*Asks:* 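Here's a structure for you.
Letters go in sequence order (proteins before strands), and every chain restarts at 1. Bear in mind the structure is a predicted one, so any value in this text is a computation, not a measurement. The figures here come from the full heavy-atom set of this structure, side chains too, leaving out hydrogens, waters and symmetry mates.
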Number of protein chains: 2
Amino acid sequence: MNASRGVTIADVAARAGVAASTVSYVLSGKRSISPATAQRVMDAVAELGYHPHAGARSLASRRAGVIAMMLPLRDGMHLPVLMQFASGAVTEARRHDQDVLLMTADEGPAGLARVAASSIVDGLILMDVEVRDPRVEALRRLGLPSVLIGFPADAAGLTCVDLDFTAAGRECASYLIGRGCRDIALLGASEVVYERRTGFAERVRGGFLARGEACDHAEARPCPDDDPVSVQRTVKELLAARPELTGLAVHNEPAVPHVMHALADAGKLVGEDFHVVVIGPDEVGERVHPRLPSVLVPAERLAEIAVGHLMRKLDGFDVPDSTLVEPQLTVR
Amino acid sequence: MNASRGVTIADVAARAGVAASTVSYVLSGKRSISPATAQRVMDAVAELGYHPHAGARSLASRRAGVIAMMLPLRDGMHLPVLMQFASGAVTEARRHDQDVLLMTADEGPAGLARVAASSIVDGLILMDVEVRDPRVEALRRLGLPSVLIGFPADAAGLTCVDLDFTAAGRECASYLIGRGCRDIALLGASEVVYERRTGFAERVRGGFLARGEACDHAEARPCPDDDPVSVQRTVKELLAARPELTGLAVHNEPAVPHVMHALADAGKLVGEDFHVVVIGPDEVGERVHPRLPSVLVPAERLAEIAVGHLMRKLDGFDVPDSTLVEPQLTVR
DNA sequence: CTGTCTTGTCGAAGCGCTTCGATTGCCGGA
DNA sequence: TCCGGCAATCGAAGCGCTTCGACAAGACAG
């Protein structure tokens, strides 16, 4: 056992009394090997604690056994979701015997070119894709197998996975209606969000309003998210316009506490005569009083699906271009 | 330009009219090459968009150019800190031309054995090391160059980096004294924390009390963190025992909101006649009203230092066994 | 004007693995 | 009995890179 220099396939072969190629075939299953021989090889592998040299393997087989995951680590992303995502991706990748290389989005297109050209990874998961994302263009050019989380403007030929926002809007409306509300409203995202991800906010709105047809009145309005005062004004205006309003969905994380404040000021007893539900990647609902039900991004599922799709692509199978994941409505 | 099969060093050599080995030497700088030749090679590299094949490189040079980072991704760790950490580590690693492989702690010792044996990484950063950590033992056995964040019980022969908790305690006391407090107290961690990381909580306490000598009275008491009621009782008892108390340091993240509640009930005006400072990995101070100054774990710095140390070890240099990082007191 | 260093470059030998014929027995059908 | 066919295994040829020893040319001292 040559501990300092590492156990090679030759060591295993010698120990099992076979050729190196036979060991390789036992391990990969790419040719049939007699059970007796296979067993001897496996024993030798176990006894020597053999693990194939990743570099040699990737050189010979043109498969690195590693996928890259590019996360927007630098700016103020929703951390918990990102972690869930990373955790889910690593776990799922390991189930497929792959490792995960972590990249930050600020490596940008050049980073993609680098990992692609150096064959250090077999494929790529790109998180938090924006509508106009320079990385998407680079990706298409490189031809590196990939799965995106989120939808760019031109998704042709790409595999994308995302939350089904229409369903999220619908779920919120359903929840409120289920609580007996007959007049409901959606406070939407701020302008910035609309710019960053076209469709994303609109889809929530669409789902909400469609389901809202079932009650007396349903409407949606945008909501600023930067300063407390304008949020509160927005809420006041809404309440003034719709005195019968009893259900509110908020699709705007930073605004939530201020909305709650404004409702309290207006004498609304949330959870009793008035109902609020939140759509947000974070557990915003947890942080306010009373706790609010919320529609979460099922980050772990998204990651699983993304990695699963990528694996299938790497194995040459087809996967759907677009996969929408059902949101989860959590009631506290 | 053979786009489909990848640009190899031979392509670059041909284009520059030199031998492949010359290209290698230009890129690595391991032998002197005439400026003229070097320039021609660099031009060819740029024109062809050449990136060395990572597997081939690691096979030939016994250096993978990748480090592993093992994070406790699964349980309810302090997410923001983890992200800052991951981000810092990746950024710093890239500055050293290394990539980062992400592993979860639940791969455990077996995961370490795998990455070590397969030479997929050159070294390892182990986060959130606990006092009795089975991975530490495995690590020592493997002889894989590594840096730990946190201190295991037996740190002999290991490189460890962590926050200087004594300094953190001292900083808190200093802050309170600086605000004019003459009678101060530290509400410490719960029992569980004490068990997990010996020394960690004691050191904060030590630093706090040492600096506290400078005023009329300073004391420290443990604090439960699970249920609001017992936290509030603890605070009430403290206030009853020390009617002159005007400064409080809280080293117990989940208890913070309840402490604030209890103080408000007792009629203390935090920020005016009473001062509170928080030690916590999260921006807890941000979430309560009024915002509290807090001593943060400088996660990004920790990561930078850890990666820097690892790089130096990989290059054969010595690094200190133990590095303590100064805490940052942030005043809102 | 030799002999000895340097300096810059080349060629070849691997690194540890996969993979593609080729080879060896062994079976059953003719 | 002979031979085609199949199953099990081997050997050798790379994969793309680094690195070591060689080797031309100058540079320089003697």
*Asks:* Kindly point out which of C:dG11, C:dC17, D:dA7 is positioned nearest to the side chain of A:S32?
*Replies:*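 Nearest to the side chain of A:S32 among the choices is D:dA7.
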*Asks:* I'd like to check B:L163 versus B:P298 (side-chain heavy atoms, cut-off strictly below 4.5 Å). Are they in contact?
*Replies:*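 Yes, side chains in contact.
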*Asks:* With respect to the phosphate group of D:dT9, does any side-chain polar atom (N or O) of A:T22 fall under 4.0 Å of OP1 or OP2?
*Replies:* no
*Asks:* For B:T37, answer base if it contacts any base atom (sugar-phosphate contacts may also be present), sugar-phosphate if it contacts only those atoms, and nothing otherwise; contact means non-hydrogen atoms under 4.0 Å.
*Replies:* sugar-phosphate
*Asks:* Are side-chain heavy atoms of B:R114 and B:M103 found at a separation under 4.5 Å?
*Replies:* yes
*Asks:* Identify whether any heavy atom of A:S24 sits under 4.0 Å from a base atom; if not, whether one sits that close to sugar-phosphate; answer base, sugar-phosphate or nothing.
*Replies:* base
*Asks:* Which nucleotide in the set D:dC10, C:dG16, D:dC17 lies at the smallest distance from any side-chain heavy atom of A:A19?
*Replies:*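 Per side-chain heavy atoms of A:A19, the pick is D:dC10.
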*Asks:* If only side-chain N and O atoms of A:K30 are considered, is one of them under 4.0 Å from the OP1 or OP2 phosphate oxygen of C:dT18?
*Replies:* no
*Asks:* Remember a base hit wins even if backbone is also touched, and classify A:S21 as base, sugar-phosphate or nothing at under 4.0 Å, heavy atoms.
*Replies:*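 Base contact.
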*Asks:* Taking for each residue the nucleotide of DNA chain C with the nearest heavy atom, is it B:G17 or B:A56 whose nucleotide lies nearer the 5' end?
*Replies:*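 Going by which nucleotide is closer to the 5' end, it is B:G17.
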*Asks:* For A:D315, look at atom CG and say whether over 12 heavy atoms of other residues, nucleotides or ligands are found less than 6.0 Å away.
*Replies:* yes
*Asks:* Before accepting this row, confirm whether a basic side-chain N of the pair A:R94/B:D106 lies closer than 4.0 Å to the acidic partner's carboxylate O.
*Replies:* no
*Asks:* Measure the distance from CZ on B:R63 to P on D:dT18 and round it to the nearest whole Å.
*Replies:* 13 Å
*Asks:* Over how many whole Å does the gap from B:R31 atom CZ to D:dT18 atom P extend?
*Replies:* 13 Å
*Asks:* Between A:E304 and A:R301, is there a side-chain N and carboxylate O pair less than 4.0 Å apart?
*Replies:* no
*Asks:* Taking OH from A:Y50 and P from C:dT18, how many angstroms apart are they, rounded to a whole number?
*Replies:* 6 Å
*Asks:* Using a heavy-atom cut-off of 4.0 Å across all strands, would you classify A:T8 as base, sugar-phosphate, or nothing?
*Replies:* sugar-phosphate
*Asks:* Considering heavy-atom distances to DNA chain D, does A:P35 or B:L59 have its closest nucleotide positioned more toward the 5' end?
*Replies:* A:P35
*Asks:* Heavy-atom nearest nucleotide on DNA chain C for A:L27 versus B:S34: which residue maps closer to 5'?
*Replies:*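 Taking each residue's closest nucleotide, the earlier one in sequence belongs to B:S34.
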*Asks:* Expressed as a whole number of angstroms, how long is the span from A:D122:CG to C:dT18:P?
*Replies:* 14 Å
*Asks:* What is the distance from CD1 of B:I120 to C1' of C:dC15, rounded to the nearest Å?
*Replies:*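 Rounded to the whole Å, the gap is 17 Å.
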*Asks:* Does this structure show an ion pair linking B:D122 with B:K313, if we count only N-O contacts that are shorter than 4.0 Å?
*Replies:* no
*Asks:* Taking the side chain of A:I9 as its heavy atoms from C-beta onward, which of C:dC17, D:dG16, D:dC10 lies nearest to it?
*Replies:*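 Taking heavy atoms from C-beta onward, the closest nucleotide is C:dC17.
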*Asks:* Spell out yes or no: do the side chain of B:R40 and the base of C:dG8 have one donor N/O and one acceptor N/O closer than 3.5 Å?
*Replies:* no
*Asks:* Measure distances between side-chain N and O atoms of B:Y25 and base N and O atoms of D:dC20, and say whether any donor-acceptor pair falls under 3.5 Å.
*Replies:*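 Checked by distance alone, the answer is yes.
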*Asks:* Report the distance from atom NE2 of B:H51 to atom P of D:dG16, rounded to the nearest whole Å.
*Replies:*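 Answer to the nearest Å: 16 Å.
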*Asks:* Taking atom C1' of D:dC15 as reference, at what distance in whole Å does atom CZ of A:R62 sit?
*Replies:* 6 Å
*Asks:* Taking atom P of C:dC17 as reference, at what distance in whole Å does atom NE2 of B:H53 sit?
*Replies:*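 Interatomic distance, NE2 of B:H53 to P of C:dC17: 15 Å.
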